[in-house]
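Some notes on the structure that comes next.
Both counts, for ligands and for their atoms, begin at 1 and track the order of listing.
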Amino acid sequence: MLRYLTAGESHGRGLTIIVEGLPAGVPLTASYLEGWLRRRQGGYGRGGRMQIEQDRAEILAGVRSGITLGSPVALFVPNRDWQNWQQVMTPEPGAVESRAVTRPRPGHADLPGGQKYRQKDLRNILERASARETAARVAAGAVAAAFLEELGVEVVGHVVAIGPVRVERELTWEEIRSARNSPVYCADPTASQAMMDAIDAARAGGDTLGGVFEVLVAGLPPGLGSHVHWDRRLDGKLAQALMSIQAVKAVEIGDGFEVAARPGSAAQDEIFYHPERGFYRGTNRAGGLEGGITNGEVLKVRAAMKPIPTLGRPLRSVDIYRKEEVGAAVERSDVCAVPAAAVVGEAAVAWVLAGAFLEKFGGDHLEEIKERLQAYRAYLRRWPE
Ligand code: EPS
């Protein structure tokens, strides 16, 4: 029902996004999208490229006077760096072949992508494998988030670990909300400082750092997603959306890997009832999802990002033509992009949830969906009578 496609190479003209299936009546402006894109570009640990780009999404279609029309929303995010790459990346025949990549980076798509797509220049792989593409995902996710905000849903991402530094204490919702003011989008000031120190040390050593981000969502009704079939389970959809973010190697829902080590009695969330709150849980180990369905608690997902594979001090690789040991290619790069990935994670989660709302409530106009959501909430208060 709700779908999007993106196109664009990292050093090409820009990124194109088409979102189809969004209802009419959703407030959407270029400045709202810019707020998301700017957050994705930020975060301590980014490299020189982010000094060149100042991402903006032009709205080309699907919106009139700041409100969606129900027709496909088309967006374009120009690459400012295109100016420096026009001769190399031109779609016209006769592209200049300087800057060919023949030394695949361990951990990047260079080698398997080159083999699969029969490329002689690995640039033809890295250009699309690059995390530049996440600017397009964030633009699409921001459109979804604009819709969710109208339904009273709040999506918040924050960084919980960078390299060996972790947030060790419980955080309040307010602290997590303010994480975006930290240079590493981390809610704990002590951990933030230690994370920046770790990034400085990695940079000095020509190395890179990974980490873990968390995305929380408040305001979801119980009943999004479904237990009835594998590809309708919301946990599975969220995992796919998060796992497909560049460099993500693990995804957790709720307490994730930790619950595997606990006895069953300490792994579930006991059920309580209050006349005003309705059914609720004393804990949220399930991360707001049971049987692939939202249960009304805060949704909680985490993703682990490996360190970026482009290293200032390169790892061993093999030149694909000479078959000799060489240092891997060094493209200009970030030292740590976990804060940016947290924003991409928010976008990915918002996208999946917008789809889940539309699946459950349908509707062509925002007001129609709001009415149905309200009626559903009223029904839940009576259930099972
Ligand atoms: C990336 C390498 C760097 C990053 C880029 C992802 O780009 P460049 O090779 O142009 O210096 O800055 O990320 C972005 C451009 C972005 O917008 O996030 C890579 O190889 O994946």
Side-chain angles (χ1 to χ4, degrees), residues 6-17 33-34 36-57 75-86 88-89 98-101 103-114 119 121-142 157 184-185 199 202-203 206-211 213 244-249 305-312 314-315 317 328-348:
T6 78
E9 278 70 45
S10 182
H11 304 97
R13 191 182 293 272
L15 301 159
T16 302
I17 303 105
L33 299 175
E34 200 176 327
W36 276 79
L37 292 170
R38 193 176 312 123
R39 281 202 296 127
R40 191 204 68 93
Q41 286 200 276
Y44 195 77
R46 296 286 251 156
R49 175 74 184 271
M50 287 306 104
Q51 263 122 56
I52 298 173
E53 304 298 341
Q54 280 175 1
D55 289 341
R56 281 194 68 249
L75 308 172
F76 184 67
V77 180
N79 288 330
R80 291 179 95 186
D81 211 10
W82 162 245
Q83 285 192 349
N84 309 315
W85 287 82
Q86 287 189 48
V88 176
M89 291 301 294
S98 65
R99 311 189 77 156
V101 177
R103 295 173 292 144
R105 291 160 296 172
H108 217 284
D110 301 345
L111 183 55
Q119 294 302 323
D121 177 358
L122 301 178
R123 173 162 305 286
N124 293 342
I125 301 303
L126 79 83
E127 284 289 333
R128 182 63 182 162
S130 162
R132 177 73 188 146
E133 181 260 349
T134 61
R137 285 202 224 196
V138 167
V184 281
Y185 302 166
I199 291 168
R203 190 194 307 275
D207 220 326
T208 58
L209 285 180
F213 64 83
S244 69
I245 296 170
Q246 287 81 339
V248 165
K249 291 305 239 184
M305 183 187 195
K306 71 176 179 181
I308 287 165
T310 308
L311 301 175
L315 294 175
S317 180
V330 184
E331 228 8 59
R332 177 186 53 192
S333 183
D334 306 322
V335 175
C336 176
V338 180
V343 181
V344 183
E346 282 179 46

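Because its NZ or CZ atom is both nearer than 6.0 Å to the ring centre of Trp85 and within 45° of the ring axis, Arg99 counts as a cation-pi partner of that residue.
Salt bridge status for Arg132 with Glu53: present, with a side-chain N to carboxylate O gap under 4.0 Å.
A donor and an acceptor atom, one from each side chain of Arg13 and Asn79, are nowhere located under 3.5 Å apart. Under the 3.5 Å distance criterion, with hydrogens and angles disregarded, no donor-acceptor pair is assigned to the side chains of Ser333 and Arg49. A donor-acceptor pair shorter than 3.5 Å can be found between the side chains of Asp81 and Asn84.
The shortest distance between side-chain heavy atoms of Leu37 and Arg56 does not fall below 4.5 Å.
Within 4.0 Å of ligand 1, counting heavy atoms only, the contacting residues are His11, Arg40, Arg46, Arg49, Met50, Arg105, His108, Ser130, Ala131, Arg132, Glu331, Arg332, Asp334.
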